[in-house]
Amino acid sequence: GKYESGVFVINQGKFGDGTGTISYYDRDTTISQNVYQKENAGLILGNIVQSMYITNGNAYVAINNAAKIEIVNANDFIKTGTIDGLAQIRYMVATEDEQTLYASSWGADGVSGVLYEIDTETNQIVSELATGGGLENMVIDGTELYVTKSGGFGTDSTLIQYDLSRSVIEKEYIVGDNPVDIVKDNEDDIWILCSGAFDFVNPEN
């Protein structure tokens with residue numbers, strides 16, 4: 001399709017009252033700005049564009065403050081649907097068969113944390129698991145989903161190991177303060193990025 005050989009850049013937008021955008025960098029030419037608006041007759045994504053994940057022919061765009069995921073066709077970026085009711089949505093990851101999408105969130109209060117399971121055929125929310133702690137990025141390793149739990153507006157230091165075959169939290173591990181990102185390398189080692197604790201009341205701490 002039109003967007004098959006480049007790089008998407010997610011632009012968050014001004015916190016609170018701005019709208020995020022998506023840029024597309026075709027490595028043979030230049031950067032195209034405001035891709036979503038251009039392909040959808042001026043429609044805006046909303047506040048804040050947090051992340052994007054491509055699976056099953058669709059690009060899922062998480063809009064944090066608007067509590068929704070906008071769905072577009074990955075080939076032409078034309079909107080095909082919306083999933084509402086995802087409070088403080090953060091990141092997404094899909095299973096290998098591309099039939100299930102997991103989405104992390106901070107929860108409505110910014111600290112409770114919810115893991116959403118979404119059917120990519122119907123784009124309906126299948127289940128919601130309250131975890132606490134404000135969830136961030138995730139990675140799937142076999143039948144295990146590893147989810148970083150940063151604390152959201154608070155502080156946490158936990159990694160969740162979620163068994164996909166049984167739909168239960170199998171283990172929790174204590175890592176560094178505010179784990180926010182996670183990847184699996186080609187040696188099958190899992191790396192966790194922790195941003196450290198921050199005291200919003202007293203930054204000197």
Side-chain angles (χ1 to χ4, degrees), residues 8-13 15 20 47-55 59-69 83 85-96 98 100-118 120 125-200 203 205:
F8 289 104
V9 181
I10 312 305
N11 309 299
Q12 175 179 288
F15 185 82
N47 184 261
I48 297 171
V49 180
Q50 177 69 35
S51 64
M52 186 177 82
Y53 192 89
I54 298 175
T55 187
Y60 294 83
V61 186
I63 317 296
N64 185 291
N65 279 354
K68 65 179 181 177
I69 293 174
I83 305 172
L86 302 156
Q88 299 283 351
I89 185 73
R90 303 295 289 176
Y91 297 98
M92 298 157 287
V93 67
T95 52
E96 187 175 359
E98 300 188 313
T100 304
L101 183 74
Y102 290 93
S104 64
S105 83
W106 284 7
D109 58 1
V111 294
S112 57
V114 178
L115 179 66
Y116 295 97
E117 180 182 347
I118 298 167
T120 59
I125 299 172
V126 175
S127 68
E128 302 178 21
L129 176 66
T131 62
L135 304 182
E136 293 284 0
N137 227 329
M138 305 166 284
V139 70
I140 291 177
D141 183 23
T143 61
E144 306 297 322
L145 172 67
Y146 292 94
V147 188
T148 54
K149 189 162 72 167
S150 73
F153 288 121
T155 299
D156 207 316
S157 56
T158 308
L159 176 70
I160 295 172
Q161 181 178 341
Y162 181 77
D163 189 317
L164 297 175
S165 62
R166 297 185 295 130
S167 298
V168 295
I169 294 176
E170 192 169 62
K171 293 180 182 178
E172 292 193 7
Y173 304 89
I174 301 300
V175 291
D177 287 333
N178 287 38
V180 294
D181 210 347
I182 183 169
V183 295
K184 185 177 77 166
D185 66 17
N186 59 5
E187 300 292 333
D188 289 330
D189 290 327
I190 292 176
W191 298 69
I192 303 160
L193 176 68
C194 302
S195 64
F198 184 80
D199 189 337
F200 290 94
N205 292 333

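Please read all numbers here as calculations on a predicted model, not as lab measurements.
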**Student:** Mind checking whether Val147 and Tyr102 have side chains closer than 4.5 Å, heavy atoms only?
**Tutor:**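 Of all side-chain heavy-atom pairs linking Tyr102 with Val147, none is under 4.5 Å.
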
**Student:** Checking side chain to side chain contact (heavy atoms under 4.5 Å, CB included) for the pair Asp177/Cys194: CA distance, chi angles, key distance, verdict?
**Tutor:** CA-CA 6 Å; Asp177 287 333; Cys194 302; 5.9 Å; no

**Student:** Can you name the closest pair of heavy atoms from Thr55 and Ala94 and give their distance?
**Tutor:** OG1-CB, 3.5 Å

**Student:** For a quick test of reading the model, state the closest non-hydrogen atom pair linking Gly151 to Asp156 and the distance between them.
**Tutor:** N-CB, 3.5 Å

**Student:** Between Gln88 and Asn65, does a side chain to side chain contact (heavy atoms under 4.5 Å, CB included) hold up when you go through it step by step?
**Tutor:** CA-CA 6 Å; Gln88 299 283 351; Asn65 279 354; 4.3 Å; yes

**Student:** List the steps, then state whether side chain to side chain contact (heavy atoms under 4.5 Å, CB included) holds for Val61 with Ile10.
**Tutor:** CA-CA 9 Å; Val61 186; Ile10 312 305; 5.8 Å; no

**Student:** Testing the basics here: between Glu136 and Val180, what is the closest heavy-atom pair and its distance to 0.1 Å?
**Tutor:**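 Answer, listing the atom of Glu136 first, then Val180: CB-O, 3.4 Å.
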
**Student:** May I ask you to decide if the ring planes of Tyr146 and Tyr173 are parallel, tilted or perpendicular, using 30° and 60° as cut-offs?
**Tutor:**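 Answer is tilted, since the angle falls between 30° and 60°.
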
**Student:** Between Ile140, Thr143, Leu145, which is the residue that forms a side chain to side chain contact (heavy atoms under 4.5 Å, CB included) with Thr95?
**Tutor:** Ile140

**Student:** Contact between Arg90 and Asn64 at the side-chain level, heavy atoms closer than 4.5 Å - yes or no?
**Tutor:** yes

**Student:** How about Thr131 and Thr158: do any of their side-chain heavy atoms sit closer than 4.5 Å?
**Tutor:** no

**Student:** Taking the side chain as C-beta and beyond, is there a heavy-atom pair between Asn178 and Thr155 under 4.5 Å?
**Tutor:**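 A side-chain contact under 4.5 Å exists here.
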
**Student:** Rounded to the nearest 0.5 Å, how far apart are CG of Leu193 and OG of Ser150?
**Tutor:** 11.5 Å

**Student:** Where is the tightest heavy-atom contact between Ala62 and Ile89, given as atom of each residue plus distance?
**Tutor:**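 Taking Ala62 first and Ile89 second, the nearest heavy atoms are CB-CG1, 3.8 Å.
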
**Student:** Would you check if Tyr60 and Thr120 make a side-chain contact, meaning some heavy-atom pair closer than 4.5 Å?
**Tutor:** yes

**Student:** Please report the interatomic distance CD(Glu128) to OG(Ser105), rounded to the nearest 0.5 Å.
**Tutor:** 8.5 Å

**Student:** Atom NZ in Lys149, atom CD1 in Ile174: separation rounded to 0.5 Å?
**Tutor:**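 Between Lys149 NZ and Ile174 CD1, I get 8.0 Å after rounding to 0.5 Å.
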
**Student:** I need the Tyr91 OH to Met138 CE distance, nearest 0.5 Å.
**Tutor:** 10.0 Å

**Student:** Step by step, work out the side chain to side chain contact (heavy atoms under 4.5 Å, CB included) result for Ile118 and Met92.
**Tutor:** CA-CA 10 Å; Ile118 298 167; Met92 298 157 287; over 6 Å; no

**Student:** Looking only at non-hydrogen atoms, find the nearest pair between Pro179 and Thr148 and report the distance.
**Tutor:**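 Pro179 and Thr148 have their closest heavy atoms at O-CB, 3.5 Å.
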
**Student:** In this structure, are over 12 heavy atoms from other groups packed under 6.0 Å from Lys171 atom NZ?
**Tutor:**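 Not buried by this count: 12 neighbours or fewer within 6.0 Å.
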
**Student:** Just how far is it from atom OH of Tyr162 to atom CG of Leu129, taken to the nearest 0.5 Å?
**Tutor:**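 Separation between the atoms: 5.5 Å.
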
**Student:** Can you tell if the side chain of Gln12 reaches within under 4.5 Å of the side chain of Val49, non-hydrogen atoms only?
**Tutor:** no

**Student:** Just how far is it from atom CG of Leu135 to atom OH of Tyr116, taken to the nearest 0.5 Å?
**Tutor:**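 Going from the CG atom of Leu135 to the OH atom of Tyr116 covers 10.0 Å.
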
**Student:** Is a side-chain N or O of Asp163 found less than 3.5 angstrom from the main chain of Ser165, in a donor-acceptor match?
**Tutor:**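 Checking the backbone N and O of Ser165 against the side chain of Asp163, a donor-acceptor pair under 3.5 Å is found.
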
